[in-house]
Amino acid sequence: MSSSLPKSSISAEWLGRPAPVVAPDLVGCTLVRQFADGSQYRGLIVETEAYAPDDPACHAYRRRTARNEVMFGPPGSCYVYLIYGMYHCINVVTDADTVPSAVLIRALDLDRVPLWIDEKQRQKPRRIAAGPGKLCRALHIDRTLNGIHLTGGHPLWLEPRSPHWVEQFAQGHHQLVQTTRIGLTQGVEIPWRWYLADCPAVSKKG
DNA sequence: CTCACGATTGGA
DNA sequence: CCAATCGTGAGC
């Protein structure tokens, strides 16, 4: 008889590498959201983007400010910001403490449809978390979660690739594509976006 | 202190 | 193509 141990979170040490190194490794990992009633929603990370120091597209490129403060913190911290006055974006802080860098989670493949998702969006369940703004809306992620650690002990955390996923990946069932980042005006040519080819939950192709 | 704009999205 | 919607931060 086997008892199930609690699944381990991704460690701060693993995340303490440069963002462009962590970003592709985070694809295939899982973001877990837990609510006060104990319910959980799990999303397979299928698309990421890296932002690093000396990167003109990075929010911390110019200087340390109230908004980007968390990016200067320890790896594993959660950086959430508001974009266009109506959407939130979630980042995983990476690299050594004081080195401002992070990985933007751009799309998730959810294990189930959240209760509050409207009928319109239910018609395309794989698209519910296809995009950085959409996934935060789907999992009720906002700035109240800014600064928490994603390494365990909070209502939002990261879990490593499952042995099954790793095996499938090794057998070539998943193709990880590297391209340029989306929606930027600076650093447009830097190829720091990664996504799973042929995954319906990826925000955009190309 | 002001004000143009953004790591987006959905609809015209 | 364009509007929604507001916190941020660069510049005066």
Side-chain angles (χ1 to χ4, degrees), chain A residues 15 18-27 29 31 43 45-73 75 77-95 99-110 113-114 116-147 150 156 158 177-196 199-206:
Chain A
L15 295 168
V21 175
V22 174
D25 282 359
L26 272 175
V27 173
C29 294
L31 182 68
I45 299 173
V46 297
E47 180 182 355
T48 60
E49 281 181 0
Y51 291 87
D54 302 319
D55 165 14
C58 181
H59 283 176
Y61 179 61
R62 293 176 178 276
R63 64 166 119 302
R64 189 168 182 153
T65 67
R67 180 179 66 159
N68 66 34
E69 177 69 27
V70 173
M71 291 186 81
F72 289 81
S77 299
C78 179
Y79 170 45
V80 181
Y81 67 92
L82 181 68
I83 186 67
Y84 292 105
M86 60 184 81
Y87 296 103
H88 293 272
C89 289
I90 179 175
N91 297 254
V92 181
V93 173
T94 55
D95 216 316
V99 179
S101 65
V103 172
L104 170 70
I105 300 178
R106 284 195 57 90
L108 299 173
D109 203 354
L110 297 179
V113 179
W116 47 87
I117 297 298
D118 61 59
E119 187 182 350
K120 169 86 174 182
Q121 293 211 102
R122 284 175 182 278
Q123 293 171 23
K124 289 187 177 181
R126 307 293 293 283
R127 303 296 298 169
I128 288 172
K134 294 173 72 176
L135 76 89
C136 284
R137 185 181 56 191
L139 295 182
H140 286 178
I141 293 169
D142 59 30
R143 283 176 301 172
T144 62
L145 295 170
N146 187 46
L150 296 168
L156 187 65
L158 290 166
V177 181
Q178 178 177 9
T179 60
T180 51
R181 298 171 294 183
I182 290 178
L184 308 179
T185 56
Q186 299 185 77
V188 178
E189 72 295 343
I190 304 175
W192 283 355
R193 173 177 176 240
W194 288 267
Y195 68 90
L196 285 183
C199 178
V202 166
S203 71
K204 297 173 184 174
K205 298 188 176 185

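All chains are named by letter (A, B, ...) in the order of the sequence lines, taking the proteins before the strands, and each is independently numbered beginning at 1.
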Between [N] atom [atom2] and [X] atom [atom1], what is the distance in whole Å?
X	N	atom1	atom2	value
A:H59	C:dT8	NE2	C1'	10 Å
A:Y84	C:dT8	OH	C1'	13 Å
A:H88	C:dC6	NE2	C1'	11 Å
A:N68	C:dA10	CG	C1'	14 Å
A:R67	C:dA10	CZ	C1'	12 Å

Worksheet item: Is A:I182 close to A:E47 at the side-chain level, that is, under 4.5 Å between some pair of heavy atoms?
Response: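 A side-chain contact exists here, since the closest heavy-atom pair is under 4.5 Å.
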Worksheet entry | A:L156 side chain reached by A:I90 side chain, heavy atoms, under 4.5 Å |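 They are in side-chain contact.
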Discussion item. Let's test this: given Watson-Crick or G-U wobble pairing with both distances under 3.5 Å, identify the partner of B:dA7.
Written reply: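 In the structure as shown, B:dA7 has no Watson-Crick or wobble partner.
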Worksheet entry | Nucleotide paired to C:dT5 in any strand shown, Watson-Crick or G-U, under 3.5 Å |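 Result: none.
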Discussion item. Between C:dG11 and B:dA7, how many Å separate the two P atoms, rounded to a whole number?
Written reply: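 These two P atoms come out 16 Å apart once rounded.
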Item to complete: Provide the distance between the two P atoms, one in C:dT5 and one in B:dT2, to the nearest whole Å.
Response: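 One P to the other, the span is 23 Å.
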Base, sugar-phosphate, or nothing for [X], non-hydrogen atoms under 4.0 angstrom?
X	value
A:E47	nothing
A:R143	sugar-phosphate
A:R193	nothing
A:G133	sugar-phosphate

Worksheet item: Hey, does the side chain of A:R64 come within less than 4.0 Å of C:dT8's phosphate (OP1/OP2), counting only N and O?
Response: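 Looking at the OP1 and OP2 atoms of C:dT8, neither is under 4.0 Å from any side-chain N or O of A:R64.
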Output the distance between atom [atom1] ([X]) and atom [atom2] ([Y]), rounded to the nearest 0.5 Å.
X	Y	atom1	atom2	value
A:D54	A:Y61	CG	OH	7.0 Å
A:M71	A:Y51	CE	OH	9.5 Å
A:L139	A:W116	CG	CH2	7.5 Å
A:D25	A:L15	CG	CG	10.0 Å

Fill in: Shortest side-chain distance from A:L82, nucleotide among C:dA10, C:dA4, C:dG7
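So the side chain of A:L82 is nearest to C:dG7.
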Worksheet item: Would you call the rings of A:H59 and A:Y79 parallel, tilted or perpendicular, where under 30° means parallel and over 60° means perpendicular?
Response: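 Correct class here is perpendicular.
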Worksheet item: Just the endpoints, please: which first and last nucleotides of DNA chain B, 5' to 3', lie under 4.0 Å from a heavy atom of chain A?
Response: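 Span of nucleotides near chain A: B:dG6 to B:dG10.
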Worksheet item: For A:M86 and A:A66, take the nucleotide of DNA chain C holding the closest heavy atom to each; which residue's nucleotide lies nearer the 5' end?
Response: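 Nearer the 5' end of the strand: A:M86.
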